[in-house]
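Numbering starts at 1 and runs along the sequence shown. Remember, it's a predicted structure, so these values are computed and weren't measured experimentally. Reckoned from all heavy atoms, side chains included, excluding hydrogens, waters and symmetry mates.
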Amino acid sequence: MTKVIRRYRLVMGLHSVNPADRYLQQLSRSDLLILAEAAGAGTDDADAALAHFRDDPSAIESALFADDTFRHLFGERTITVSGTTSAPAEAAIHEGFSEASPFLLFAVAVHRGVMDLHTSPFVSERVGAHRRIPIFDAASILDYYVEPSRRLFAAEHLASYTQVRSGPVWVRHNGKLRRQRYSELDPARLAALLDVLPDEDKVGIYRRLGDLALFLTGVFGDHTAREAPHPIEVERLIRTVRDEPDLRLDVDEIAALAGGNGRAGLLSTLGPRWYRMAADRSPLPAVRRALHDVAEGFDTARRFLTLVTDRYLFGGTDRWFGTSH
């Protein structure tokens, strides 16, 4: 159980430093060489590349936006007006993939998505499993992602699901140890940890519940919309917000919101609430601000993740996002 708690405490500190420092902490040595080449500072020495970006932190994002970086990792991708790639999904396999970390791949995809918004009149909105309608909201999404910390959040959020965990944990309840299963990809099982954790450890679980809601509705929205939540799951997830007067919902409200949008409707409703609950409980001002920000922009972030997934990650989701172990 200690490892589980430590993992969720760690995610609370993601916004404690500036974006350039966060990129340098997570980019691999191979990543640095790829970006240095795009930045015009090509070198075979990763330490020299690191020194270059430390001297000029703005060069990191310039390299993430660069066409050369995108082509190196993703090849030539042509976007159709429907918002999907005209090339087959397997075209996403490119020689640069083997050289780059998942974090760099997601960071470049996020930055390319922002670039695409400059020329996209609309984005696709899911209205059910495998059903889309155009939403002429590209300008407001672009405005949201002008902020570098939000682009970093999107890349880190995606990368955090490349390796997910599940399994049994031993918890003490009413003075006795008992075995309980949890999964980072199962909202109900993850929420169940709130029943056995002390208050000071719940903040990371609320944060991760918000992350999971955003991930499932933004990246795997078709699958999530196709699944109808079980009444027991609905009741358990509603309990997570029952002590929050401004956030709680009753069963009838949740059922109506889920409606024909399956579990996606439920998670889209609760996701922003979980982020707010994590923000309100965080002792770190920077984390509070960041989580309140994503709570307010949840729908914008969800639509952006759908755009990035459809255009660059489709066909690779099973390969990049880890299975439980």
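- Aromatic ring pairs are classed by plane angle as parallel below 30°, tilted from 30° to 60° and perpendicular above 60°; the pair H157 and Y161 is perpendicular.
- Heavy-atom contacts from other residues, nucleotides or ligands closer than 6.0 Å to CG of D55 number more than 12.
- A donor-acceptor pair under 3.5 Å is formed between the side chain of R151 and the backbone N or O of V146.
- Atom NE2 of H111 is separated from atom CZ of F70 by 13.5 Å, given to the nearest 0.5 angstrom.
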Practice task
Quick one: do T306 and V123 satisfy side-chain contact (heavy atoms from CB on, under 4.5 Å)? Show the steps, please.
Solution key: CA-CA 9 Å; T306 298; V123 294; over 6 Å; no
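- The closest side-chain heavy-atom distance from L158 to V110 is below 4.5 Å.
- With T224 contributing its side chain and L216 its backbone, the two residues share a donor-acceptor pair below 3.5 Å.
- Rounding to the nearest 0.5 angstrom, the gap separating the CD1 atom in I141 from the CZ atom in R302 is 9.0 Å.
- A donor-acceptor pair under 3.5 Å links the side-chain atoms of R150 to the main chain of Y144, judged by distance alone.
- L33 and L64 are assigned to two separate hydrophobic clusters, defined by single-linkage of ILVMFWY side chains at heavy-atom distances under 4.5 Å.
- Here F103 contributes atom CZ and E156 contributes atom CD; the two are 5.5 Å apart, rounded to the nearest 0.5 Å.
- Proximity of a side-chain donor or acceptor of D31 to a complementary backbone N or O of S28 within less than 3.5 Å is detected.
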Practice task
For R112 and D67, run side-chain contact (heavy atoms from CB on, under 4.5 Å): C-alpha distance rounded to whole Å, both residues' side-chain angles, the deciding distance at 0.1 Å, then the answer.
Solution key: CA-CA 9 Å; R112 177 56 48 151; D67 290 338; 2.6 Å; yes
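- Under 3.5 Å, the side chains of R208 and S160 contain a donor-acceptor pair of N or O atoms.
- Between atom OG of residue S101 and atom CD of residue Q26 there is a gap of 8.5 Å, rounded to the nearest 0.5 Å.
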Exercise for the section: Could you please spell out the steps behind the side-chain contact (heavy atoms from CB on, under 4.5 Å) verdict for V114 and F65? Expected result: CA-CA 9 Å; V114 173; F65 275 121; 4.2 Å; yes
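- The local environment of CZ in R54 is sparse, with at most 12 non-hydrogen atoms from other residues, nucleotides or ligands closer than 6.0 Å.
- Of the possible donor and acceptor atoms, one in the side chain of T269 sits under 3.5 Å from a partner among the backbone N and O of G265.
- Between A301 and Y145, the shortest heavy-atom contact is CA-OH, 3.3 Å.
- A 4.5 Å side-chain heavy-atom check between L212 and E184 finds every atom pair outside the cut-off.
- Residues A213 and W274 come closest through the heavy atom pair CB-CZ3, 4.0 Å.
- For the pair I238 and E235, the minimum side-chain heavy-atom distance is 4.5 Å or more.
- No donor-acceptor pair under 3.5 Å is formed between the side chain of H52 and the backbone N or O of A48.
- A 4.5 Å side-chain heavy-atom check between L313 and F106 finds at least one atom pair inside the cut-off.
- Judged purely by atom type and a 3.5 angstrom limit, Y275 uses its side chain to pair as donor or acceptor with the backbone of D211.
- Looking at every heavy atom in both residues, T309 comes nearest to G218 through OG1-O, 4.0 Å.
- Among all heavy-atom pairs drawn from A278 and L291, the shortest one is CB-CD1, 3.7 Å.
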Problem - Trace of the side-chain contact (heavy atoms from CB on, under 4.5 Å) decision for L194 with L209 - result: CA-CA 11 Å; L194 295 169; L209 281 167; 4.1 Å; yes
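- Donor-acceptor pairing under 3.5 Å is lacking for the side chains of E37 and H72.
- The CG atom of L117 sits 6.0 Å away from atom CZ of F304, with the distance rounded to the nearest 0.5 Å.
- When every heavy atom of L267 is checked against every heavy atom of P272, the shortest pair comes out as O-CD, 4.4 Å.
- Taking every heavy atom of both residues into account, A20 and I60 meet most closely at O-CD1, 3.8 Å.
- Counting heavy atoms from C-beta on, the side chains of R29 and D47 come closer than 4.5 Å.
- Looking only at side-chain heavy atoms (C-beta outward), R288 and P285 come within less than 4.5 Å of each other.
- With R273 contributing its side chain and L247 its backbone, the two residues share a donor-acceptor pair below 3.5 Å.
- Between F215 and L305, the closest side-chain pair of non-hydrogen atoms is not below 4.5 Å.
- Between atom CD1 of residue I34 and atom OG1 of residue T69 there is a gap of 8.5 Å, rounded to the nearest 0.5 Å.
- R281 contributes a side-chain N or O that, together with a main-chain N or O of M277, makes up a donor-acceptor pair within less than 3.5 Å.
- The shortest side-chain heavy-atom distance between L24 and L32 falls under the 4.5 Å cut-off.
- Inspection of the H223 and E227 side chains reveals an N or O donor paired with an N or O acceptor under 3.5 Å.
- At least one donor-acceptor pair closer than 3.5 Å links the side chain of T240 to the backbone N or O of L237.
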